[in-house]
Number of protein chains: 2
Amino acid sequence: MAQAIPFRQVSPLKASCQQCSLSNLCLPLAIGENDLARLEDIIQQGRIFNRGEHIFDQSTPYRSCFAVKSGSIKTSIITESGEEQVTGFFMPGELVGLDSIGGEHYACTAKALERTSVCEFPIDRLEELTGKLPGLQHHMYHLMSQEIQNSHQLAMLLSKNTAEERIAALLLSLSSRFQRRRMSPTNFSLPMARNDIANFLGLAVETVSRVFTRFQNQGIIKARGREVELLDIEALQLVSREFSRQCNN
Amino acid sequence: MAQAIPFRQVSPLKASCQQCSLSNLCLPLAIGENDLARLEDIIQQGRIFNRGEHIFDQSTPYRSCFAVKSGSIKTSIITESGEEQVTGFFMPGELVGLDSIGGEHYACTAKALERTSVCEFPIDRLEELTGKLPGLQHHMYHLMSQEIQNSHQLAMLLSKNTAEERIAALLLSLSSRFQRRRMSPTNFSLPMARNDIANFLGLAVETVSRVFTRFQNQGIIKARGREVELLDIEALQLVSREFSRQCNN
DNA sequence: CGTCCGATTTGATCGAAGTCAAACAACTAC
DNA sequence: GTAGTTGTTTGACTTCGATCAAATCGGACG
């Protein structure tokens with residue numbers, strides 16, 4: 001039994017986007033089958049990060065952007081005064097690091113919220129490739145403009161909406177993002193702590209907690225710890241004037 | 001005297017970025033002299049908008065992005081419930097419409113705050129060109145990521161800072177942007193109304209007004225209407241914990 | 001299994017900024 | 001000029017959510 005069974009080890013460096021369940025969400029969706037190999041060529045795949053580990057750090061030289069394969073990531077910026085501002089949460093199939101493309105350094109820090117695996121796209125090779133594949137370039141523009149819009153939506157949420165509205169919007173955003181990944185839109189586990197939610201939404205932790213219990217008392221959601229069940233999505237949409245499509249997504 | 005003096009009229013469609021005083025701020029800065037002509041080829045130049053006129057409207061098909069030549073522009077999104085959220089102010093040399101690139105429709109409305117002239121970059125031709133000029137593509141990525149960062153900064157301002165801090169940050173941002181355009185950093189005229197400032201910063205108009213007078217009483221600024229003089233920039237930086245580089249810029 | 005430490009919840013109090021209201025200034029158009 | 005409209009300022013009052021404080025829960029680990 002000590003005898004090793006010979007087997008072919010798949011090279012850890014070569015990605016196979018075709019077999020990835022996220023290929024319809026991730027960059028490959030912008031590429032024809034024939035060109036896919038060129039994208040796979042530049043990907044450094046399969047790095048795994050444990051909860052709390054940094055995928056990259058603010059102010060370090062910009063090298064790559066990353067696609068989430070599994071798990072989830074939060075990005076945040078740290079000010080000179082040491083305050084943290086969470087700028088986004090990223091789920092499988094989403095691209096992290098777009099806010100720094102074209103810059104010399106990472107503009108934020110990306111941290112794994114749970115055990116997370118990512119695909120890495122070295123920026124110089126990616127830029128080279130987008131120069132050759134108009135569809136991919138277009139998609140990059142699209143993703144980046146999407147990110148600008150998300151951020152504007154967030155700004156609107158922060159400047160115009162109450163605590164309840166903000167939290168309802170976040171729950172709905174997460175819900176639709178889970179759904180797109182073929183997971184339950186009503187029954188999921190929050191990858192982030194209350195603290196992160198509060199920071200992201202510009203609220204105090206206590207307020208987040210209170211709103212969660214208020215929603216629970218109203219029968220809109222059921223929440224125990226990070227486990228959440230959305231009992232009445234329509235009510236949530238009603239609370240969040242702005243309806244769905246908030247924040248990220 | 002009725003006899004016309006023959007002269008060569010420069011074609012109004014052909015831009016001459018080389019003679020534009022903004023060429024060191026605008027897109028040409030990413031391009032070598034030899035390639036500049038290719039950029040000039042695709043520009044539709046010189047459209048002029050009066051105060052209040054729309055450069056483009058939210059939800060209409062996306063055609064072009066625009067560089068401000070003179071004047072200034074504000075962008076805003078209108079929600080289903082009819083509320084407006086100002087998402088940015090744009091000064092000469094800055095590019096408007098990046099939040100919609102790669103999308104089918106404009107994600108916001110752009111309105112001239114004063115008599116404003118712009119250069120237009122049709123998106124299909126621009127994408128084509130960035131595919132051929134790596135430097136230009138890189139610069140587009142840079143501009144877009146910059147815009148994401150600005151928006152994150154704004155989100156932070158909205159979620160963590162007081163009314164005074166927000167307004168100080170805005171004044172400093174405007175100041176440094178005027179300076180880069182070789183105008184006085186301490187003595188300028190606000191292109192936007194109090195209302196727009198309030199909306200942009202997530203405040204009530206009354207609060208903006210009060211903070212202006214408070215700053216004035218403290219001898220930090222002098223303001224009469226839209227005319228503003230920054231008397232003590234250091235004090236402003238002190239008020240705005242986050243120091244300069246806020247918001248746009 | 002109990003201890004410890006961080007995360008979450010709950011309660012009580014306070015304050016910054018919103019809202020309502022009205023005066024005032026600036027600009028247009030007639 | 002005057003009237004009308006819009007933008008700005010000032011005052012009085014209210015409120016949502018922050019802050020302070022403390023209890024409770026939950027998981028990691030010896």
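Protein chains get the first letters and strands the later ones, always in sequence-line order, with residue 1 at the start of each.
Stacking of B/Arg194 on the aromatic ring of B/Phe212 is recorded, both the 6.0 Å distance cut-off and the 45° axial limit being met.
Here the straight-line distance linking atom CG of A/Leu98 with atom CZ of A/Phe90 works out to 7.0 Å at 0.5 Å rounding.
Dashed line: the shortest gap from a side-chain N or O of B/Thr207 to OP1 or OP2 of C/dA16 is not under 4.0 Å. For the pair A/Arg194 and C/dT9, the criterion of a side-chain N or O lying under 4.0 Å from OP1 or OP2 is met.
To the nearest angstrom, C1' of C/dG18 lies 12 Å from CZ of B/Arg166. Rounded to an integer number of Å, the gap from B/Glu206 CD to D/dT10 C1' is 10 Å. Following rounding to the nearest Å, A/Phe212 (CZ) and C/dT9 (C1') show an atom-to-atom distance of 13 Å. Atoms CG (A/Asn195) and C1' (C/dG6) sit 10 Å apart, rounded to a whole Å. Following rounding to the nearest Å, A/Glu227 (CD) and C/dT8 (P) show an atom-to-atom distance of 13 Å. When the C1' atom of C/dA16 is taken as reference, atom CD of B/Glu165 falls 12 Å away, rounded to whole Å. In this structure, CD1 of A/Ile197 is placed 14 Å from C1' of C/dT9, rounded to the nearest angstrom. A/Leu203 has its CG atom 14 Å from the C1' atom of D/dT19, to the nearest Å.
When distances run from any side-chain atom of A/Arg224 to the nucleotides D/dT9, D/dA12, D/dG26, the shortest one goes to D/dG26. Nearest to the side-chain atoms of A/Arg226 among the listed nucleotides D/dA12, C/dT8, D/dT9 stands C/dT8. Of all nucleotides listed (C/dT9, D/dA18, D/dT8), D/dA18 comes nearest to the side chain of A/Ala204.
Tested against B/Ile148 for a side-chain contact (heavy atoms from CB on, under 4.5 Å), the candidates A/Gln149, A/Gln146, A/Glu147 yield a single pass: A/Glu147. Just one residue in the list A/Glu114, A/Glu53, A/Glu84 forms a salt bridge (charged side-chain N to carboxylate O under 4.0 Å, His left out) with A/Lys74, and that residue is A/Glu84.
A donor N or O paired with an acceptor N or O is found under 3.5 Å between the base of C/dG11 and the side-chain atoms of A/Arg210. No donor-acceptor contact under 3.5 Å links the side chain of A/Glu164 to the base of D/dC16.
A/Phe66 has its ring centre no less than 6.0 Å from the ring centre of A/Phe121.
Counting any heavy atom pair closer than 4.0 Å across all strands shown, A/Ala193 reaches sugar-phosphate atoms only and no base atom.
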